[in-house]
Amino acid sequence: PWMRRALQLASLGDGYTSPNPLVGAVVLNDQGVLVGEGFHSQAGAPHAEVGALCQAGDKAKGGTLVVTLEPCCHFGLTPPCTESILKFGISRVVVALEDPDSRVSGKGISFLRNSGLEVIVGVLKEEAAALNKEFIFRVKNHRPWGVLKWAMTLDGRIALPNGKSQWISGEEARYAVHHLRAKCDAVIVGGGTIRSDNPLLTSRGISDPEPIRVVLTDSLDLPGKSQIFDISTARTIVAFAQNASKNLIDLFPEGPELLELSSCEPINLLEALAQKGCNRVLWEAGPKLATEAIKQNCVQELLIVVAPKLIGGKVAMTPLETFGFESMSEAFELSNVSLRKIGNDFFLNMPFDNIPD
């Protein structure tokens, strides 16, 4: 039960800890009574173990630390947690998951064992891994976990033939999407979305700070009155290819950060965002960019909002462009689909992990 409590605590930091993982910890005294608990609230803040140990104080001596991820043994923005564990006199440490980060990766466990502590590893390991799937994915693949979201009508349209799409989904569904943005480190769109919709791309104040707004554009040809140029409420990154016009670069308005890529590809963008500490990103792109993101294995999860509306028309916009399939046997088959209703709309959520690297 104590590891489940630690996992609950860890989840409280969701959306705020990147590039760090979600971690929760509890301290039991030498009689097995809870005397301290903590969670990692944001990068640079005390780690979960330190918070729990400080709350326990002298009562931690001879007790047990239960933690969802292997304690760190290196200096980062904060000192090593292993040192604090020894300082407070803990006798036993129970760990759910070994840290995949190469700076730790078993070293913290070995250090504690070599210091004479009993260390138990693997308690609720699967649950701990699921909680930190985005962090683990970034560490192993050097790019963030990608969520691709779109809203469409019952007949699979994302806009009218004239391009208008406001609003396909209802107010409750849009509010749920704002909550989704709040749990992501960045929201990504293409230049076409900025030109056609002029979106704000924020969580509407649910998250503080707001996720980074990222625009991937070949040309840098974006309207001067775009809402994303106002960085008073949210940071904006405009990513562009090396062959973009130097005149457009020189004339670009102050505020947004310009990020030059070797080529304007989703995979190049995500590798750059991983280096900026993003664990989870949200693709809210149009059909062309969304399709390329899938092709380049930059999408690990789909969230599709289905509104019970009909648009019709062969030229009405659909969420994806062609993959070039010539038989149904080539189609992507998705499993483990979850369905929930929000307002009058339906949310389909599913993993998208069958695209090879």
Side-chain angles (χ1 to χ4, degrees), residues 145-181 183-184 187-201 214-217 265-267 269-270 280-356:
W145 177 276
V147 180
L148 173 60
K149 165 259 165 186
W150 69 73
M152 68 182 188
T153 58
L154 202 58
D155 54 343
R157 273 40 178 185
I158 63 169
L160 293 165
N162 63 8
K164 292 186 178 181
S165 61
Q166 296 181 348
W167 295 101
I168 285 178
S169 57
E171 186 174 349
E172 296 97 330
R174 297 197 298 274
Y175 184 68
V177 170
H178 295 158
H179 272 276
L180 173 63
R181 288 177 182 167
K183 299 296 183 182
C184 295
V187 179
I188 306 171
V189 297
T193 297
I194 299 298
R195 288 188 288 271
S196 63
D197 296 344
N198 190 20
L200 187 58
L201 298 178
V214 181
V215 184
L216 184 61
T217 169
E265 301 289 341
I267 189 68
L269 173 61
L270 289 203
R280 181 199 293 146
V281 299
L282 178 63
W283 293 94
E284 294 199 44
K288 181 179 179 180
L289 182 53
T291 303
E292 283 304 310
I294 290 175
K295 287 181 177 179
Q296 296 179 29
N297 201 9
C298 293
V299 174
Q300 283 64 54
E301 186 178 347
L302 288 179
L303 177 66
I304 302 171
V305 183
V306 181
K309 298 176 181 178
L310 298 174
I311 286 180
K314 289 184 178 181
V315 296
M317 289 179 65
T318 55
L320 297 171
E321 292 192 346
T322 180
F323 289 109
F325 298 151
E326 295 184 358
S327 72
M328 285 303 296
S329 63
E330 298 176 273
F332 300 127
E333 287 195 38
L334 306 178
S335 57
N336 299 320
V337 180
S338 65
L339 173 67
R340 59 188 174 124
K341 187 178 182 184
I342 298 180
N344 202 37
D345 302 313
F346 296 89
F347 276 52
L348 295 170
N349 186 263
M350 65 209 80
F352 196 86
D353 55 4
N354 57 349
I355 308 300

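Since we're looking at a predicted model, the values are computed, not measured.
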Of all the heavy-atom pairs spanning [X] and [Y], show the shortest one and how long it is.
{"X": "R157", "Y": "G312", "result": "NE-O, 4.2 Å"}
{"X": "A285", "Y": "A290", "result": "CB-N, 3.9 Å"}
{"X": "F347", "Y": "A176", "result": "CZ-CB, 3.8 Å"}

Legend entry - Chi angles and distances behind the side-chain contact (heavy atoms from CB on, under 4.5 Å) call for I304, V306: CA-CA 6 Å; I304 302 171; V306 181; 3.9 Å; yes
Separation of [Y] [atom2] from [X] [atom1] (nearest 0.5 Å):
{"X": "E292", "Y": "L216", "atom1": "CD", "atom2": "CG", "result": "10.5 Å"}
{"X": "E265", "Y": "L289", "atom1": "CD", "atom2": "CG", "result": "9.5 Å"}
{"X": "L320", "Y": "K295", "atom1": "CG", "atom2": "NZ", "result": "10.0 Å"}
{"X": "I158", "Y": "T153", "atom1": "CD1", "atom2": "OG1", "result": "9.5 Å"}
{"X": "L348", "Y": "W150", "atom1": "CG", "atom2": "CH2", "result": "9.5 Å"}
{"X": "D155", "Y": "L310", "atom1": "CG", "atom2": "CG", "result": "5.0 Å"}

Legend entry - T291 backbone acceptor or donor facing E321 side chain under 3.5 Å: no
Inset, instruction - Can you sort out the partners of Y175 under ring pair (Phe, Tyr, Trp, His ring centres under 6.0 Å), two or more places apart, ordered by chain and number? - result: H179
Legend entry - Pairing residues for H178 by the ring pair (Phe, Tyr, Trp, His ring centres under 6.0 Å) criterion, not counting sequence neighbours: none
Solution key, residues 160-170 side-chain donor-acceptor pairs under 3.5 Å, sequence neighbours excluded:
unit_1: N162; atom_1: OD1; unit_2: K164; atom_2: N; d: 3.0

Legend entry - Inter- and intrachain pairs under side chain to side chain donor-acceptor pair (under 3.5 Å), touching residues 334-350, at least two apart: E301-N349
Legend entry - Candidates V147, V187, L148, L180 - the one meeting side-chain contact (heavy atoms from CB on, under 4.5 Å) with E284: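 The option that passes is V187.
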Legend entry - Name of the residue among L282, L270, V215 meeting side-chain contact (heavy atoms from CB on, under 4.5 Å) with I188: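 Answer to the side-chain contact (heavy atoms from CB on, under 4.5 Å) test with I188 among L282, L270, V215: L270.
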Inset, instruction - Report the residues that fulfil side-chain contact (heavy atoms from CB on, under 4.5 Å) with S327, sequence neighbours left out, ordered by chain and then residue number. - result: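 Here the qualifying residues are S329, E330.
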Legend entry - Contacts of type side-chain contact (heavy atoms from CB on, under 4.5 Å), residue E172, not counting sequence neighbours: I342
